[in-house]
Protein chains: 2
Amino acid sequence: MGEFSLADFVPYLLNQAAEQTSLDFSSIYRGRYNMRRTEWRALFHLGHFGAMTATDIARMSKMHKTKISRAIKELEEKRYVRREQVSNDRRSELLSLLPAGQRAFNDLYSIAERHNAQLLSQFSPGEKLILLDCLQRLSKLDLAPPDQSLM
Amino acid sequence: MGEFSLADFVPYLLNQAAEQTSLDFSSIYRGRYNMRRTEWRALFHLGHFGAMTATDIARMSKMHKTKISRAIKELEEKRYVRREQVSNDRRSELLSLLPAGQRAFNDLYSIAERHNAQLLSQFSPGEKLILLDCLQRLSKLDLAPPDQSLM
DNA sequence: AATATAAAGTCACATTTGTAACTAACAAGC
DNA sequence: GCTTGTTAGTTACAAATGTGACTTTATATT
């Protein structure tokens, strides 16, 4: 590798890009639904992957469990999410979207989709493939759906 | 448009990747020099680009000026940075590294370099080129608001 | 059964951040 | 001179976050 510049420093670049790309979208879920980023993320997981526990969300999103706890509390007060005792383990609560939460998710999801498409539109198909693959590898995402049988 | 997954949502991926990749490095500048991330970033800018004002750092790093202000205050108390009245405009202060700051920068810079090389080592040369190029384009992107009617 | 260990989730406290108001210095217009 | 507006940087207060302790429940060992 040749000369090392700030412009080639990956964590820095990722941060800059993350700031830049999430700015306008955050104003939307905040303005429309008065949601914080952690709430949007939790809602996204529940809407996209279906009902799961707070621990599942924490594992998949890599957010700390206290952040999840607070986000869920907010979403519950907004009547977006409900808790259920579903297993024989009374410690864990299965979270699922209520109608209002489902509507908010559908709305924001479609906006996210368009926003994402717009961001990616500047890249060629080959660049898109490599970019997404590299980012997934860098983030070491654990996107495996929750396996109930393991719990 | 095909199936849209969280794993393909660029702002989300960027955030995850940014968190993941800056984690181990942050423990270094925190453990060795008791610096927060904003301090490290400000120090990085001063070390890499040379003396500049707080406003310059804010503009280049896209951090808010209050964050910069607090970071500079900390760096000044650690005797890493000094302020100078250099122009005829007495509002602005030129910031530059003091010897201890320069040493900290050199140390951390070389670690960042190795850390970066290690992060990139998992990618092929072609992937590296595309990844860095895409990230640079994403971080400089100035998107028009997708839909004004949303506000 | 009794004990120890661990997990799900919450709470309390301290740190960090965002927002808006603020001071001080400049700059333009009248 | 005097406004009016702008910029550099700081401060104060509110909001968000990280950390660790805590409660309750489950599991493993003896």
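Below, read A as the first sequence line, B as the second, and so on, with proteins coming before strands; counting in each chain starts at 1.
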Practice task
Check the distance between D:dA8's P and B:Leu94's CG and give it to me in whole angstrom.
Solution key: 14 Å
Practice task
Give me the ring orientation class for A:Phe9 and B:Phe25: parallel if the planes are under 30° apart, tilted from 30 to 60°, perpendicular past 60°.
Solution key: perpendicular
Problem - Neighbour count >12 (heavy atoms, 6.0 Å) for atom CD, B:Gln118 - result: no
Handout entry: Any A:Arg83 side-chain nitrogen or oxygen under 4.0 Å from OP1 or OP2 of C:dT10
Key = yes
Fill in the blank from the handout: To the nearest angstrom, the CD1-C1' distance between A:Ile68 and D:dA16 comes to 14 Å
Completion exercise
Given protein heavy atoms under 4.0 Å, the one-letter contact record of nucleotides 11-20 of chain C, with B base, S sugar-phosphate only and - none, is simply BB---SBBBB
Exercise for the section: For B:Arg59, answer base if it contacts any base atom (sugar-phosphate contacts may also be present), sugar-phosphate if it contacts only those atoms, and nothing otherwise; contact means non-hydrogen atoms under 4.0 Å. Expected result: nothing
Exercise for the section: Starting at atom CD of B:Gln85, determine the distance to atom P of D:dA8, rounded to an integer number of angstrom. Expected result: 14 Å
Handout entry: Between C:dG9 (C1') and A:Asp89 (CG): distance, integer Å
Key = 11 Å
Practice task
Begin with the C-alpha distance, continue with both residues' side-chain angles, and end with the deciding distance and a verdict on side chain to side chain contact (heavy atoms under 4.5 Å, CB included) for A:Ile57 and A:Leu95.
Solution key: CA-CA 10 Å; A:Ile57 299 179; A:Leu95 306 167; 4.1 Å; yes
Practice task
For B:Asp56, report the nucleic acid contact type (base, sugar-phosphate, nothing); a contact means any heavy atom under 4.0 Å.
Solution key: nothing
Problem - Interatomic distance, A:Lys62 NZ vs D:dG18 C1' [rounded to whole Å] - result: 18 Å
Practice task
Respond yes when some side-chain nitrogen or oxygen of B:Thr55 is under 4.0 Å from OP1 or OP2 of D:dG9, and no when none is.
Solution key: yes
Exercise for the section: Could you state the atom-to-atom distance from CE of A:Met35 to P of D:dA15 in whole Å? Expected result: 19 Å
Handout entry: N or O in side chain of B:Arg90 less than 4.0 angstrom from C:dC26 OP1/OP2
Key = yes
Problem - ILVMFWY cluster, A:Leu135 and A:Ile130 together (side-chain gap under 4.5 Å) - result: no
Practice task
Kindly indicate whether the side chain of B:Arg91 and the base of D:dT7 share any N or O donor-acceptor pair separated by less than 3.5 Å?
Solution key: yes
Practice task
Mind running side-chain hydrogen bond (donor to acceptor under 3.5 Å, both in side chains) on A:Ser92 and A:Asp89 for me, showing each step along the way?
Solution key: CA-CA 6 Å; A:Ser92 64; A:Asp89 186 340; 4.7 Å; no
Handout entry: B:Asn88 CG to C:dA27 C1', straight-line distance once rounded to whole Å
Key = 13 Å
Exercise for the section: Answer yes when A:Glu77 and A:Arg79 have at least one side-chain N-carboxylate O distance shorter than 4.0 Å, and no when they do not. Expected result: no
Handout entry: Pairing of A:Arg82 and A:Glu93 as salt bridge, 4.0 angstrom limit
Key = no
